[in-house]
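Whatever order the structure lists them in is the order used to number ligands and atoms, beginning at 1. Values reported hereafter were calculated over all heavy atoms of this structure, with side chains retained and with hydrogens, waters and symmetry mates removed. Owing to the predicted nature of the structure, the values given are computational and were not obtained by experimental measurement.
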Amino acid sequence: MCEYVVMADRRIKLRRVSGTLGAEVLGARLRELDDETFGAIHQALLENEVLFFRDSGLDDEAQMALAHRFGSPSVFPLLKLMGATGPSFQVIEDGPESPNEADYWHTDVTWTPEPPKVALLRAGIVPAVGGDTMWGSMTNAYDALSPTMQGLIAGLEVVHDNESFIAAAARKMGDSPETTKLMNELRDAYPAVTHPLVRTHPETGRRALLWGGDFMRRIAGMSPAESDTLLKFLGRHLEQSRFHCRWSWEPGDLAIWDERSTVHQVVNDHFPQRRSVHRCVVDGDRPFFDPQRAAG
Ligand SMILES: [Fe+2]
């Protein structure tokens, strides 16, 4: 046992995967989690921000059942618009004809008023080489800023919209009157929304950058030049490897991450090999910034 393996609970062990965030959970039988073990996993998630389970032993149904332990699995906005009422489960496959488009730092669907709380992703087809996923700790990225910069950005609001999502979805669905109609409906159903640039984590009280990547349009109350400059700086800041961890997938691996304190991206170096992942997310709350709460 090395110093990076720690007993988190009498039932699970954690093996840290980087110095900043991420831990592999050892010894958890995900199909038969009692409340005590689930509580330990939940606590480990809050502390490590991303958890990994090698060879999880889950199928789609069991993955969704596990998502239910964290809250209400989400109905994806586009599917809701198309009439879906039950929780959504997505198998995302990319290959020669559909390169992966999630290869930039982002948090999922920040263009909704209440972005997800937790995401669960399980590897299906794993390419022979490449196709890792990376996560970044937005609590650590915030903490690493100078007190002056922290003071400058705390309380700022950022406008997020779904234009980049619509462009990508329209490309995938193909140009047709039906696609145009659906995309216009999506635009109407989910108008631009404002979120704090620094959010207070509702469970830990820690402060984190809320980073939506291409979903972020501008910082409210700033000129375009001011907003661009500040967002570019923060974008470069969070790209530093000291805030990251990385996971090399094997088939059946499961990752669970806290969407409220992390960003993620696919490392798109497997193209044109095939890669598939099975994904569901759990509903979150409206992000907020509490100036009185600064637990660190
Ligand atoms: Fe994503």
Side-chain angles (χ1 to χ4, degrees), residues 21-22 45 49-52 60 63-64 66-67 70-71 73-80 87-95 98-127 130-139 141 158 160-172 186 190 193 195 199 208-216 235 238-239 243-249 253-271 275-284 287:
L21 81 166
L45 179 65
E49 303 187 311
V50 196
L51 297 179
F52 304 99
D60 292 351
Q63 182 177 334
M64 188 58 97
L66 180 58
F70 288 95
S74 307
V75 188
F76 295 156
L78 191 58
L79 298 179
K80 197 185 282 183
S88 310
F89 198 90
Q90 208 177 9
V91 180
I92 306 165
E93 183 169 339
D94 53 77
S98 57
N100 196 293
E101 294 185 349
D103 56 343
Y104 65 99
W105 291 114
H106 66 282
T107 313
D108 293 317
V109 285
T110 61
W111 43 270
T112 56
E114 297 179 344
K117 168 187 178 184
V118 165
L120 295 89
L121 192 77
R122 195 176 93 252
I125 300 167
V126 174
D132 295 356
T133 303
M134 295 176 72
W135 285 264
S137 170
M138 294 299 93
T139 49
V158 178
H160 297 239
D161 71 27
N162 54 17
E163 288 306 323
S164 66
F165 175 86
I166 284 175
R171 266 198 309 278
K172 276 194 184 128
L186 190 66
Y190 295 92
V193 63
H195 291 308
R199 75 182 296 182
L209 295 173
L210 197 175
W211 192 259
D214 288 354
F215 304 142
M216 294 189 296
L238 63 86
E239 282 175 2
F243 305 129
H244 304 163
C245 74
R246 178 169 178 148
W247 186 253
S248 293
W249 298 97
D253 287 358
L254 176 78
I256 303 176
W257 68 90
D258 192 333
E259 291 267 7
R260 301 161 297 185
S261 65
T262 60
V263 289
H264 58 277
Q265 69 165 306
V266 178
V267 181
N268 207 5
D269 56 356
H270 59 290
F271 184 78
R275 177 184 187 274
S276 74
V277 288
H278 299 232
R279 171 183 180 268
C280 57
V281 296
V282 174
D283 284 345

Excluding water, the protein N, O or S atoms sitting under 2.8 Å from the Fe ion (ligand 1) are His106 NE2, Asp108 OD1, His264 NE2

Side chains of His270 and Asn100 only: does a donor on one sit below 3.5 Å from an acceptor on the other? no

Do the rings of Phe165 and Trp111 sit parallel, tilted or perpendicular, given the 30° and 60° boundaries? tilted

Are Trp105 and Trp211 close enough that their ring centres sit under 6.0 Å apart? no

Identify, with sequence neighbours excluded, every residue that meets side chain to side chain donor-acceptor pair (under 3.5 Å) alongside His244. none

Test item: Asp108 and Trp257 side chains (from C-beta on) under 4.5 Å apart, heavy atoms: yes

Taking the six-membered ring for Trp, are Trp247 and Phe52 parallel (under 30°), tilted (30 to 60°) or perpendicular (over 60°)? parallel

